[in-house]
Amino acid sequence: MSDEEHHFESKADAGASKTYPQQAGTIRKNGYIVIKNRPCKVVEVSTSKTGKHGHAKCHFVGIDIFTAKKLEDIVPSSHNCDVPHVTRTDYQLIDIAEDGFLSLLTESGGTKDDLRLPTDEALLTQIKEGFAEGKDLVVSVMCAMGEEQICALKDIGPK
């Protein structure tokens with residue numbers, strides 16, 4: 001046994017799971033759920049009782065938190081569903097690069113340069129106009145299942 005060589009694949013992350021299991025019957029409206037491998041915010045939940053020996057089923061309607069597409073799923077209420085770890089972080093906007101990437105200031109004083117401008121037209125124009133006017137802008141970045149996207153903007157006054 002000791003003669004054999006063991007090869008381990010190294011991964012970049014610490015191995016923290018992108019989702020955690022939660023019983024379908026306990027997921028409520030405004031919570032989060034994974035539907036078709038996409039993180040979604042639950043907008044509607046309906047539970048149906050089935051026949052004599054069947055399971056009650058939960059019908060989830062969710063909106064993808066990154067693409068805003070509507071997704072649906074039906075799960076027995078006693079089964080587990082995947083729930084994404086969703087985090088929201090605020091960063092101060094430093095600069096907008098020519099290629100559409102943003103330069104953001106983190107809490108620790110470092111910079112984060114791997115986020116693109118949002119695809120949402122209204123948010124995009126707000127960021128560009130506010131930055132052009134020299135306003136101090138703080139962007140809220142939502143992160144789930146290895147994806148990040150700017151979801152909100154705050155103006156904290158002139159520079």
Side-chain angles (χ1 to χ4, degrees), residues 9-47 57-75 77 79-159:
E9 254 183 65
S10 63
K11 290 191 167 70
D13 61 26
S17 178
K18 293 176 173 68
T19 62
Y20 60 93
Q22 187 174 340
Q23 194 171 340
T26 63
I27 296 172
R28 300 279 169 250
K29 189 176 174 182
N30 292 332
Y32 294 101
I33 188 173
V34 176
I35 302 176
K36 296 184 178 85
N37 284 329
R38 299 294 305 155
C40 299
K41 186 175 181 108
V42 179
V43 291
E44 193 182 315
V45 181
S46 54
T47 310
K57 290 197 169 43
C58 294
H59 177 238
F60 295 105
V61 177
I63 298 200
D64 189 313
I65 58 177
F66 296 123
T67 63
K69 285 196 174 94
K70 194 176 187 181
L71 297 165
E72 294 186 48
D73 200 7
I74 296 172
V75 186
S77 64
H79 287 201
N80 280 348
C81 290
D82 282 335
V83 176
H85 289 285
V86 179
T87 56
R88 199 180 182 131
T89 319
D90 288 347
Y91 298 104
Q92 189 169 344
L93 180 63
I94 302 171
D95 191 22
I96 301 174
E98 294 292 316
D99 57 3
F101 281 90
L102 301 178
S103 186
L104 305 169
L105 183 69
T106 63
E107 292 266 324
S108 59
T111 58
K112 181 174 176 60
D113 302 305
D114 58 352
L115 268 173
R116 279 190 168 281
L117 279 164
T119 49
D120 177 36
E121 285 298 318
L123 196 57
L124 180 67
T125 51
Q126 274 184 312
I127 291 172
K128 281 188 169 175
E129 285 173 7
F131 185 72
E133 290 168 20
K135 291 180 181 170
D136 249 350
L137 301 175
V138 172
V139 293
S140 290
V141 177
M142 195 173 273
C143 177
M145 296 176 70
E147 281 185 63
E148 289 181 311
Q149 189 174 348
I150 294 167
C151 59
L153 176 71
K154 282 186 280 212
D155 180 3
I156 56 170
K159 281 186 180 171

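One-based numbering along the sequence shown. Predicted, not measured: the structure shown is a model, and the values here were computed from it. Basis for what follows: all heavy atoms, side chains included, without hydrogens, waters or symmetry-related copies.
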L102 side chain reached by Y91 side chain, heavy atoms, under 4.5 Å: no

Straight-line distance of K36 NZ to D64 CG, nearest 0.5 Å: 11.0 Å

Gap between atom CD of Q22 and atom CD1 of I27 - 0.5 Å precision: 4.5 Å

Euclidean distance, D136 CG relative to D155 CG, rounded to 0.5 Å: 8.0 Å

Spacing of CG belonging to L104 relative to CG belonging to D114, to within rounding of 0.5 Å: 8.5 Å

For R88, side chain to side chain contact (heavy atoms under 4.5 Å, CB included) partners two or more places apart: S140, M142, C151, A152

CG-CG distance between D90 and L105, expressed to the nearest 0.5 angstrom: 12.0 Å

Smallest separation among heavy atoms of F131 and L137, with atom names: N-CD1, 3.6 Å

Side-chain heavy atoms of I127 within contact of I150, under 4.5 Å: yes

Shortest non-hydrogen contact between E72 and V61, atoms and distance: CG-CG2, 4.0 Å

CA sep, side-chain torsions, deciding dist, call: I65, V86, side-chain contact (heavy atoms from CB on, under 4.5 Å): CA-CA 10 Å; I65 58 177; V86 179; 4.2 Å; yes

Heavy-atom closest pair, residues I74 and K57: CG2-CD, 3.8 Å

Salt bridge present between E147 and R38 (N-O < 4.0 angstrom): yes

Considering all heavy atoms, the nearest L153-Q126 contact: CD2-CB, 3.6 Å

Under the side chain to side chain contact (heavy atoms under 4.5 Å, CB included) test, residues paired with C143 that sit two or more places apart: T87, E148

Nearest non-hydrogen partners of A24 and F60, listed with the distance: O-CZ, 3.4 Å

Residues forming a ring pair (Phe, Tyr, Trp, His ring centres under 6.0 Å) with H85, sequence neighbours excluded: Y20

Which atom of V34 lies closest to which atom of N37, heavy atoms considered: CG1-CA, 3.7 Å

Separation between CG of D82 and OG1 of T19, rounded to the nearest 0.5 Å: 4.0 Å

